[in-house]
Visitor: 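Here it is, the structure in full.
Naming convention: chains lettered A, B, ... in sequence-line order (proteins, then strands); numbering from 1 in each chain.
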4 protein chains.
Amino acid sequence: MAYYHPKPAPGRHFLQIPGPTNVPDRVLRAIDNPTMDHRSPDFGAMVKALLEKIRLVFRTAGPVVIYPASGTGAWEAALTNTLSPGDRALMCETGWFATLWKEMADRLGIASEFIATDWRRGADVAAIEARLREDKAHAIKAVCVVHNETSTGATSRIDEVRRAIDAARHPALLMVDTISSLASIDYRHDAWGVDVTVAGSQKGLMLPPGLSFNAVSDKALKASETARLPRSFWDWKAMLAANATGYFPYTPSTNLLYGLDAAADMLLEEGLENVFARHDRLAEATRRAVRAWGLEIQCAEPRHFSSSLTAVRVPEGHSANALRATILERFNMSLGNGLGRLNDRVFRIGHLGDLGDLQLMGTLSGVEMGLRAAGVPHQPGGVQAALDYLSGNA
Amino acid sequence: MAYYHPKPAPGRHFLQIPGPTNVPDRVLRAIDNPTMDHRSPDFGAMVKALLEKIRLVFRTAGPVVIYPASGTGAWEAALTNTLSPGDRALMCETGWFATLWKEMADRLGIASEFIATDWRRGADVAAIEARLREDKAHAIKAVCVVHNETSTGATSRIDEVRRAIDAARHPALLMVDTISSLASIDYRHDAWGVDVTVAGSQKGLMLPPGLSFNAVSDKALKASETARLPRSFWDWKAMLAANATGYFPYTPSTNLLYGLDAAADMLLEEGLENVFARHDRLAEATRRAVRAWGLEIQCAEPRHFSSSLTAVRVPEGHSANALRATILERFNMSLGNGLGRLNDRVFRIGHLGDLGDLQLMGTLSGVEMGLRAAGVPHQPGGVQAALDYLSGNA
Amino acid sequence: MAYYHPKPAPGRHFLQIPGPTNVPDRVLRAIDNPTMDHRSPDFGAMVKALLEKIRLVFRTAGPVVIYPASGTGAWEAALTNTLSPGDRALMCETGWFATLWKEMADRLGIASEFIATDWRRGADVAAIEARLREDKAHAIKAVCVVHNETSTGATSRIDEVRRAIDAARHPALLMVDTISSLASIDYRHDAWGVDVTVAGSQKGLMLPPGLSFNAVSDKALKASETARLPRSFWDWKAMLAANATGYFPYTPSTNLLYGLDAAADMLLEEGLENVFARHDRLAEATRRAVRAWGLEIQCAEPRHFSSSLTAVRVPEGHSANALRATILERFNMSLGNGLGRLNDRVFRIGHLGDLGDLQLMGTLSGVEMGLRAAGVPHQPGGVQAALDYLSGNA
Amino acid sequence: MAYYHPKPAPGRHFLQIPGPTNVPDRVLRAIDNPTMDHRSPDFGAMVKALLEKIRLVFRTAGPVVIYPASGTGAWEAALTNTLSPGDRALMCETGWFATLWKEMADRLGIASEFIATDWRRGADVAAIEARLREDKAHAIKAVCVVHNETSTGATSRIDEVRRAIDAARHPALLMVDTISSLASIDYRHDAWGVDVTVAGSQKGLMLPPGLSFNAVSDKALKASETARLPRSFWDWKAMLAANATGYFPYTPSTNLLYGLDAAADMLLEEGLENVFARHDRLAEATRRAVRAWGLEIQCAEPRHFSSSLTAVRVPEGHSANALRATILERFNMSLGNGLGRLNDRVFRIGHLGDLGDLQLMGTLSGVEMGLRAAGVPHQPGGVQAALDYLSGNA
């Protein structure tokens, strides 16, 4: 809370929400360089090189569109570039963000269908396959899945979704929200046959919010030629034409692009496989802490445990929001709140982005101290359990 | 070109395009603070105070919506929140940006009409009034004007447009693009009866690109209740509901909001009247230089001279782009290019944002040296003329 | 390790040496403002206000000299401004830094005497008093004590030293090194009758290294009039004359002064009493962890436990340096090394400066994981012991 | 004046004093990285590489000592490491800074002799040679010359001084202050046989003040073995021993070292020869402006014109300080004041460091406008004369 600090809060704030994440100093220092002319030769050269790096992060050989807008915009872009009014989309109710995406689709005039879950697991792949098989007429134009549901901490198996679509021999586009998974959890746009990947800057990409992304397959591009939802700001066509020479059809978010360039360098220097392994390890340590406290993990399906965040249920009769307020007040840490039906029922520990072992240990210590301070029933020892795991697994 | 610097360029780059403008160090330092939790109590308190300051800049007592998106998005927001498919909008062809806005309207399904100009003056108020009087059935739902046309350096008289609409007793909404005028040129949302003011962060607000704005009148709000263009990201309703308590319906561009807070403080500390007077003075100095060089100002109507930028015509047979390339290469200054039909015919000198006398003198010196170096016919003495004016007018 | 980063090190580095400490973002952002003219009116106004704030931190109504030089220089300044060649100084061998100060005195031509300790406690007050009583001729001109010995983590009782000098009715000057105690541990220049307080920027003042300080009593000032050690850069007289109007006799370290101004604001906003209480609490948590590990605290005298740092002895046959190397490599944390005779025998945990509970918990977790990884015999449970203490004591 | 800004001052401040100079953003961004452990392996690696780069800037194959102290300290270091009490030094009264250095020598117990000038030229080489020839007994141990006298804008010919010493076959050490010339004006420590080069960070090295330097010849090193002036902080021996492995004997100014590393990279990327040529060109443009104004350049000897700064005499009966105050107030530019006997008689234009053509043109415009505003008699046309020169010489 360095910019706005109504009262003293000594020491570093622990921003352990599941995004925005802690922006590394190297990225902040890139962002605060003077804004440059976005029509200059240097800018074009910078962007061309940047677009190459970004493709590596999405694991695609195809184009990645970068919007000067926060992540929600990239949802809208994915839908409006590919669909027409009244088109049917099959969506999966993995939690709050999947619900928001569905509501957006409805507002834009898309006829969405929702495959329900209990908000405690990823997308129901069998149900997707069944529904697609049923759709002999191919009325369904798109299958939309949130890869990592930030409200519950459940990661859907996109590879399995792909296989389900293929098994049903259905031509629907596959659109995937990777806002809280990209650059944190293994993800492969090309290999998994995703048509539109939606992403944002403020999570695994370690930037402030303000940029968002669409990685686009050939099939999606082709669909955009006939899609009739009105669009202008989000239109891929003008973007891709301008990007080809390193420019944008309207003013880009220049300073965040500096940051993106620095962040991409950091990810590629560490190596994506190492980035994923680091997140897996921090996530497992977190879950061990939660179990040692005797608390319940919101995600009930171990195959869907998220490596970006862990949502933790508080015992009945206790308030997750009061717990979070205590932790903020006494330990200067922000945790994620429960969203929608999970409001006050869960708190969410973000363990993604630029994070190391000791920051996680500080985070888990803050949770354990907060549980005690707020009088939430639990067993001590969560921190110790995480420490035991991490020290055997460095 | 501090972040990306493929070759040495000693000294400070002169970014004298008509936006993005030079971001003051105070604003850059605000932006590079750590990202905070956008759902925390401190964030809400910060935003509530910020929204009050922003109203003062727009001179409105009503709401100002802040989008985590660059300026083009705010055009789309103005249209989609107030209009329905097939609605008629009266637009004024003041130059390239007015044309882009019109094309956007068309893409979104609006039936726009264009009042032509020669790209050398502001909106034709008499033609607007005549057309509105003609429209007895009130088929026209909106009049859209670019306050300061960045491609030509012509400022339309919004007060006169308001009077024309009133004289015609026409109920159309008045929508005004102030992207390159807000916080540089006198502008009054409430007093001039504007219904939607469109603005961006990267000009007079002295920020990097990435934020945009809609100031909204009651009449526009009422129109939004029945407007049927599909919208979600740009929807005012969710924004205003969340803003009421200091929050946003989706992730805001937190770090740019820090910068906006600092920039608003700077503008209010200087005083808006002083800000406008400073711009008027720098603009007049620039025009005196241009005239002394014997070059022609693109804006042919003195009542419409822009205080944000001056577009300068190069003599027939000479290339404005070659001149700009020479100036960039030899004098490390970026000037604005000619857009659309003005490509290669004009160059544009930005004199808006955080700018003082000596920066302007450096800028004009760069132009005069560039004219000489590039062999563009001109009289010497432009710099001296500006100096004479400024030293008598400090 | 953000500036120089030969290999990826994800997450924030834990800089837990006993200084330099973690510089808060607010201070870094102050420092990186453009350098200003140190002879301008604004500079003078800034410095005059700053000198007032700094007095509050030293708890003195007298002058505080600020050198554009790191802390070691302020040792030299204290000696050369007050003493003459061959003068006798009584010094206390509390550890490595006391030894360095003594060696400096000898190099400068002072005849120093050393009251030995075992490097496991603060200054021996009784021995000081005895020696002064013995010195009937008042040959001893100065008593020099390190308030907080950074090499051992032992804090001397300056109030008791003062009483010892008074009890001996001895006129010697009292000079105190507060490099690792100022703004971390309770200290009172005026109330304790200190004549010269030596301090540096990079510890409790939360700045990078590069500034150092002498707070000066009237008695010391008077001594400086006749002191004959050669001095120029360190001379108080020119400094105090220039400071009176807000300036310096030679170029000051302008940007670090910006940072000092911000740091002083932070300390005064938090309140010095709160700053000290915070350090006491973090120190006690650390000692509880060390005891739970079954390790020995270097400081053997509880009345002298330091609130800035804790030096920890490793069991015989084990290497503190190997442990530190493991912790740096695997957990991205820097701990302090053993100095002089303590090399490889102790490691030092810095818990001073801008530090909160969760950073300390991360730090202690890193130590416990490091002990395990490096095979240093210990009991688990140190982290838990600290957590238990802190959660009961927020 | 971004950090301390008691009243609004729109636009960038022009800091055109002859140092501190404008710190490039790249250097400021390096400095504001987190402080690191100065005893860590990474720090040692960084410093070893940095020391290599610094040698290139001093054009020496020998050691360069870096002090965490501002430039005045490096004067003291040069004297105390090489001389003994009562030693004789021959110094040259080129102006205010030469005088201060002499006064320092006297305070330290050195018997200095001063070769007078009229403060309007560099060192009198013939007089040096004559005095050395006279000194048959070699009582003179050092010849001390300020390469570029910052108070007058006169650059002494160090190559000629070297030849004079050699011609006199005198063994005195040659010590040269390059505080305002290093990295701005051609300088060659080894080739010119300099024994101690004194430098500071805040001029051609483009850093804030706070670092200073001694480049040391073998002969100077040998002299230091027997020199008996007391010294500790400034002692070369401990410095060189620690530097050999990349460390320092006491806490270095870590963050300024980051900046130094970035600044050295910038200088070497541009190429020292290009750096010097750029300064020569900007200086010539400045002198042409001064002459066109009909004002007198303080340096009366063209062979000694400084490429770092130009001191300009105001006509009798007019006040240089009033002029500077007007320029600061009305045009937001800081110029250097007259020092010592030149107080109120000259103003100094700094044109060194990270500076380009357009910044210089802004600077000269500010001077011309200021002359007019303050009513100082002059001819107009200085700016035009500079512009004519630069546009023909880019």
Side-chain angles (χ1 to χ4, degrees), chain C residues 1-6 13 15 17 19-23 28-43 45-46 67-73 75-76 85 100 104 107-109 200 202 208-210 229-233 235 250-256 258 261 328 334 337, chain D residues 1-6 13 15 17 19-23 28-43 45-46 67-73 75-76 85 100 104 107-109 200 202 208-210 229-233 235 250-256 258 261 328 334 337:
Chain C
M1 301 196 184
Y3 177 71
Y4 183 76
H5 43 88
H13 179 67
L15 181 73
I17 57 176
T21 61
N22 293 290
V23 182
L28 286 173
R29 295 312 176 281
I31 289 170
D32 94 341
N33 271 275
T35 306
M36 70 192 293
D37 178 6
H38 58 288
R39 294 192 179 99
S40 66
D42 279 356
F43 184 83
M46 177 182 81
Y67 293 107
S70 62
T72 298
W75 274 353
E76 188 159 319
L100 291 181
M104 170 185 275
R107 272 196 299 274
L108 295 173
Q202 76 275 21
L229 274 177
R231 63 185 177 273
S232 178
F233 185 84
D235 194 52
Y250 47 82
T251 312
S253 194
T254 306
N255 291 53
L256 291 180
Y258 298 160
D261 190 71
L328 178 59
S334 292
N337 60 333
Chain D
M1 300 191 183
Y3 175 70
Y4 182 78
H5 43 87
H13 180 68
L15 181 72
I17 57 176
T21 61
N22 293 290
V23 182
L28 286 174
R29 295 312 177 279
I31 289 171
D32 92 342
N33 271 276
T35 307
M36 69 193 293
D37 178 6
H38 58 286
R39 293 194 179 98
S40 67
D42 279 357
F43 185 84
M46 178 182 80
Y67 294 107
S70 63
T72 298
W75 274 352
E76 188 159 318
L100 291 182
M104 172 186 272
R107 272 196 299 272
L108 295 174
Q202 76 274 22
L229 273 177
R231 61 185 178 274
S232 178
F233 185 84
D235 194 52
Y250 47 81
T251 311
S253 193
T254 306
N255 290 54
L256 291 179
Y258 298 160
D261 190 72
L328 178 59
S334 293
N337 59 331

Visitor: Quick one: what part of Arg39(C) sits under 4.5 Å from any heavy atom of chain D, side chain, backbone, both or neither?
Guide: side chain
Visitor: Under a 4.5 Å heavy-atom cutoff, which of Thr72(D), Leu15(D), Ile17(D) has the most pairs with chain C?
Guide: Thr72(D)
Visitor: Sort out for me which of Pro230(D), Ser70(D), Ser253(D) touches chain C most, counting heavy-atom pairs under 4.5 Å.
Guide: Ser70(D)
Visitor: Please tell me if the side chains of Ser334(C) and Leu328(C) come closer than 4.5 Å, counting only heavy atoms from C-beta onward.
Guide: yes
Visitor: Which one wins on heavy-atom pair count under 4.5 Å against chain D: Gly109(C), Gly200(C), Gly73(C), Pro41(C)?
Guide: Gly73(C)
Visitor: Evaluate Tyr3(C) against Asp261(D) for side-chain hydrogen bond (donor to acceptor under 3.5 Å, both in side chains), listing each step before the verdict.
Guide: CA-CA 10 Å; Tyr3(C) 177 71; Asp261(D) 190 72; 2.6 Å; yes
Visitor: If you count heavy-atom pairs within less than 4.5 Å of chain D, which of Leu256(C), Asn337(C), Thr35(C) leads?
Guide: Thr35(C)
Visitor: Checking heavy atoms, do the side chain of Leu108(C), its backbone, both or neither come under 4.5 Å from chain D?
Guide: both
Visitor: Do Asn33(D) and Tyr4(C) have side chains that approach each other closer than 4.5 Å (heavy atoms only, starting at C-beta)?
Guide: no
Visitor: Determine the minimum heavy-atom distance between Tyr250(C) and Phe233(C), stating which atoms define it.
Guide: OH-O, 2.6 Å
Visitor: Name the member of Asp235(D), Thr251(D), Val23(D) that forms the most heavy-atom pairs with chain C at distances under 4.5 Å.
Guide: Thr251(D)
Visitor: According to the interplanar angle, ranging from 0 to 90°, do the rings of His38(C) and Phe43(C) count as parallel (below 30°), tilted (30 to 60°) or perpendicular (above 60°)?
Guide: perpendicular
Visitor: Does any non-hydrogen side-chain atom of Tyr258(C) lie less than 4.5 Å from one of Pro34(C)?
Guide: no
Visitor: Got Pro6(D) and Asp42(C) here, is their nearest side-chain heavy-atom distance under 4.5 Å?
Guide: yes
Visitor: Let me know if Pro85(D) has heavy atoms under 4.5 Å from chain C in its side chain, its backbone, both or neither.
Guide: neither
Visitor: Determine the option with the most heavy-atom pairs under 4.5 angstrom with chain D, choosing from Pro208(C), Ala30(C), Ser232(C), Ala69(C).
Guide: Ser232(C)
